[in-house]
Student: 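Pasting a structure below so you can have a look.
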Amino acid sequence: AMRLIAGLLAGQSFASTLTGNAQLSARPMRRIAEPLTAMGARVTTTNDHAPLTVQGGDLRGIEYLSPVPSAQVKSAILLAGLFAADPLSVSEPHQSRDHTERMLTARGVSIERESSTVTLTPPRALAALGLFNTAFHRWATGLLAYLIIRVPPPAKCSPTSSRPTYSPTQVIETLTH
């Protein structure tokens, strides 16, 4: 879930820090940090693991050759590609699961597959696709439930203030009210 959320956050105009439990924090994050950085986001990891900070940016399409087949890595890149200025492609040694491609295609996103390469052409307007309707918010909220998200302190806090940490329950309550 963290990898998918990082892809969505890569196209936003704010910084986000994602962290999780010990098991999630042990998973390698360089696999998504490198392609998202190549697209124009700033992604920093802690020794190639979570916590992971994503500073969104103006994204551009890339041609990414994944060294290993990974549906999560491919999905992170494709979700970031929704916010890119131009088309992008992800090639894998062999095809991984295609749930994200199916979901995006069902919502009207232009996705083409040739062998083990997927190409996404970014939509002109995400709102027109209905990606951010109630169902999408519930889907995103479900992903967030697995994470603890730390957000920057409000501007009126002193620079020495620690960042507030929100539990998944607090995040869900905030997003659903």
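For the single chain, residues carry numbers from 1 onward in sequence order. All values reported here derive from a predicted model rather than from experimental measurement.
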Student: With no hydrogens and no angle check, is any side-chain donor or acceptor of Asn47 less than 3.5 Å from a backbone partner on His49?
Tutor: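 The answer is no, because no donor-acceptor pair under 3.5 Å joins these two groups.
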Student: Under 3.5 Å, is there a donor on one side chain and an acceptor on the other for Ser89 and Thr119?
Tutor: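 No - no donor-acceptor pair under 3.5 Å links their side chains.
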Student: Main chain of Pro87, side chain of Thr121: is a donor-acceptor contact present, judged purely on distance under 3.5 Å?
Tutor: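 No; zero donor-acceptor contacts below 3.5 Å.
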Student: Does atom CZ (Arg30) have a neighbourhood of more than 12 heavy atoms from anything else shown, all under 6.0 Å?
Tutor: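 Incorrect, the count does not exceed 12.
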Student: For a quick test of reading the model, state the closest non-hydrogen atom pair linking Met29 to Leu52 and the distance between them.
Tutor: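 Closest approach of Met29 to Leu52: CB-CD1, 4.1 Å.
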Student: Between the main-chain N or O of Pro69 and the side-chain N or O of Ser66, is there a donor-acceptor pair closer than 3.5 Å?
Tutor: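 A pair under 3.5 Å: no.
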Student: Return yes if a side-chain donor-acceptor contact under 3.5 Å exists between Lys74 and Ser96, otherwise no.
Tutor: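 Yes, side-chain donor-acceptor contact under 3.5 Å.
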Student: Taking atom CD1 of Ile77 and atom CG of Leu59, what is their separation to the nearest 0.5 Å?
Tutor: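 Going from the CD1 atom of Ile77 to the CG atom of Leu59 covers 11.5 Å.
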Student: Can any side-chain N or O of Gln55 pair as donor or acceptor with the backbone N or O of Val43 at less than 3.5 Å?
Tutor: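 The answer is no, because no donor-acceptor pair under 3.5 Å joins these two groups.
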Student: Ala38 and Ile62: which non-hydrogen atoms are nearest, and at how many Å?
Tutor: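 Closest heavy-atom pair between Ala38 and Ile62: O-CG2, 3.8 Å.
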Student: Report the distance from atom CE of Met103 to atom CG of Leu79, rounding to the nearest 0.5 Å.
Tutor: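 Here the interatomic distance stands at 5.5 Å.
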Student: For Asp86, enumerate each residue passing the salt bridge (Lys or Arg N to Asp or Glu O under 4.0 Å) test, keeping only those at least two apart in sequence or located in another chain.
Tutor: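 By the salt bridge (Lys or Arg N to Asp or Glu O under 4.0 Å) rule, Asp86 matches no residue at all.
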